[in-house]
Amino acid sequence: MRNLRLDICYDGTRFRGWQRLGGTENTIQGKLEQTLSRILDEPVTVSGSGRTDAGAHAMQQVVSFHCQNKMPCEQILSLLRRYLPEDIGIYSCREVADRFHARLNCKSKTYRYRIWNSDAPCVFDRRFVYVFADKLDTLAMKRAAEVFLGEHDFSAFCANKNMKKSTIRRIDAIDIRREGHEMIITVTGNGFLYNMVRIMVGTLLEVGTGKRKADSIETLFGQPREHAGYLVPAQGLCLMEVEY
């Protein structure tokens, strides 16, 4: 049995997220499994480094799967590029050690969230940004963001009400910067809960508009979901990098 790794990217606009869902093949995982099973002529189940939300994107997603077919990686790569839809791209396909697992071996992930902070038209990037025209206090947002650094209980930033596993996660870096009309928030951590980055961004936007104090962030750790900010739209979110 072989263990293969794919490095991929995708525009998640028309997909219902990463995770395979019953009753639809319109997920990234579903499309990959369907195409690989066809190419390799055997059932294939893939694992991703993380489950991106419906409408979210990935500049780098890592996938692993086992198969018995001995087809060379170069041929698998070529056929994937031929048969997958144009909004799913495959950077590489290579054989890896049998114990490698895209999710279980992941040490950290980096997400980027893009905000179009202007009332000027945003026609060409509209599928990849959240249009939010209100004036923002960037300095207050940066002060609030620093509080997220380190290991905390992020239960207030998890949209899964039935979460049974630990809600403790570690944030290694968070950066907020402006590029013209855009505000870009980049977050690196050892793992993320369901909707965690999007709720963090919503909370920071509440700080930026004066609805929440920067020094109130620390009081949110370990609290129920309703204590944190709102859930921003998925289209501004992109998985940028996965580290092993």
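Lys109 has its side chain within reach of Phe192: a pair of non-hydrogen atoms, C-beta onward, lies under 4.5 Å apart. In this structure, His101 and Ser47 have side chains that are in contact, with non-hydrogen atoms separated by less than 4.5 Å. Under the 4.5 Å side-chain criterion, counting only non-hydrogen atoms from C-beta, Asn195 is not in contact with Phe157. At a threshold of 4.5 Å between non-hydrogen side-chain atoms, the residues Arg2 and Lys70 count as touching. Residues Thr110 and Val187 have side chains not in contact (no heavy-atom distance under 4.5 Å, counting atoms from C-beta outward). A 4.5 Å side-chain heavy-atom check between Ile90 and Ile76 finds every atom pair outside the cut-off. A heavy-atom distance below 4.5 Å is found between the side chains of Ile185 and Ile115. Put simply, the side chain of Val46 does not reach to within 4.5 Å of the side chain of Arg20, judged on heavy atoms.
Using a 4.0 Å cut-off between charged side-chain N and carboxylate O, Lys142 and Asp175 make no salt bridge. Ion pair Glu243/Lys107 not flagged as a salt bridge, since none of the NZ, NE, NH1 or NH2 atoms sits closer than 4.0 Å to an Asp/Glu carboxylate oxygen. Salt-bridge check for Arg170 with Glu151: failed, with every basic side-chain N at 4.0 Å or more from each acidic carboxylate O. Residues Glu33 and Lys31 are not paired through a salt bridge, judged by the lack of any N-O separation under 4.0 Å between the basic side chain and the carboxylate.
Transitive grouping of hydrophobic side chains (ILVMFWY, heavy atoms separated by less than 4.5 Å) keeps Val232 and Ile184 in distinct clusters. In the hydrophobic cluster analysis, where Ile, Leu, Val, Met, Phe, Trp and Tyr join through side-chain heavy atoms closer than 4.5 angstrom, Leu204 is grouped together with Phe154. Taking hydrophobic clusters as Ile, Leu, Val, Met, Phe, Trp and Tyr residues chained together by side-chain heavy-atom distances below 4.5 Å, Leu237 shares a cluster with Ile176. No single ILVMFWY cluster, assembled from side-chain heavy atoms under 4.5 Å apart, contains both Met59 and Val129. Neither Val96 nor Leu77 shares a network with the other; the hydrophobic side chains, linked directly or stepwise wherever heavy atoms of I, L, V, M, F, W or Y lie under 4.5 Å apart, form separate groups for each.
The backbone N or O of Leu32 sits nowhere less than 3.5 Å from a side-chain atom of Thr35 that would complete a donor-acceptor pair. Ser64 places a side-chain N or O within 3.5 Å of a backbone atom of Ala102 that can act as its donor or acceptor partner. A distance-only check finds a donor-acceptor pair linking the side chain of Ser37 to the backbone of Val44 [under 3.5 Å]. Of the possible polar contacts, one joining the Gln61 side chain to the Gly50 backbone as a donor-acceptor pair under 3.5 Å is found. Looking at Arg14, its side chain never comes within 3.5 Å of a backbone N or O of Asp11 through a donor-acceptor pair.
Listed here is the closest heavy atom pair of Ala228 and Ala156: CB-O, 3.2 Å. The minimum heavy-atom distance linking Trp116 with Pro121 is given by the pair CZ2-O, 3.6 Å. Taking every heavy atom of both residues into account, Arg169 and Ser166 meet most closely at NH1-O, 3.0 Å. Contact between Ile217 and Ala214 at its shortest, heavy atoms only, is CG1-O, 3.4 Å. Of all the heavy atoms in Tyr91 and Arg81, the pair that sits closest is O-NH2, 3.2 Å. Minimum interatomic distance between Leu40 and Asn69 (heavy atoms only, all atoms of both residues): O-ND2, 3.0 Å.
At a cut-off of 3.5 Å, with distance as the only test, no side-chain donor of Gln223 or Ser155 sits close to an acceptor on the other residue. Of the N and O atoms on the side chains of Gln60 and Asp7, at least one donor lies less than 3.5 Å from an acceptor on the other residue. The closest side-chain donor-acceptor pair between Thr188 and Asp172, if any, does not fall under 3.5 angstrom. At a cut-off of 3.5 Å, with distance as the only test, a side-chain donor of Thr138 or Arg178 sits close to an acceptor on the other residue.
Remark: Ser108 OG to Ile171 CD1 distance equals 10.5 Å, nearest 0.5 Å. We find the OH-OG1 distance between Tyr230 and Thr203 to be 9.5 Å, quoted to the nearest 0.5 Å. In this structure, CZ in Phe132 is found 7.5 Å from CG in Asn117, a value given to the nearest 0.5 Å. Residue Cys106 holds its SG atom at 8.5 Å from CZ of Phe100, rounded to the nearest 0.5 Å. Rounded to the nearest 0.5 Å, atoms CZ (Phe148) and CG (Leu220) are 7.0 Å apart. The structure places CE of Met141 at 8.5 Å from OG1 of Thr209, a figure rounded to the nearest 0.5 Å.
Ring geometry, His57 versus Phe128: the interplanar angle falls from 30° to 60°, so the pair is classed tilted.
Cation-pi geometry between Arg198 and Tyr113 is not satisfied (NZ or CZ under 6.0 Å from the ring centre, within 45° of the ring normal).
The six-membered or imidazole ring of Phe15 lies away from that of Tyr10, with a centre-to-centre distance of 6.0 Å or more.
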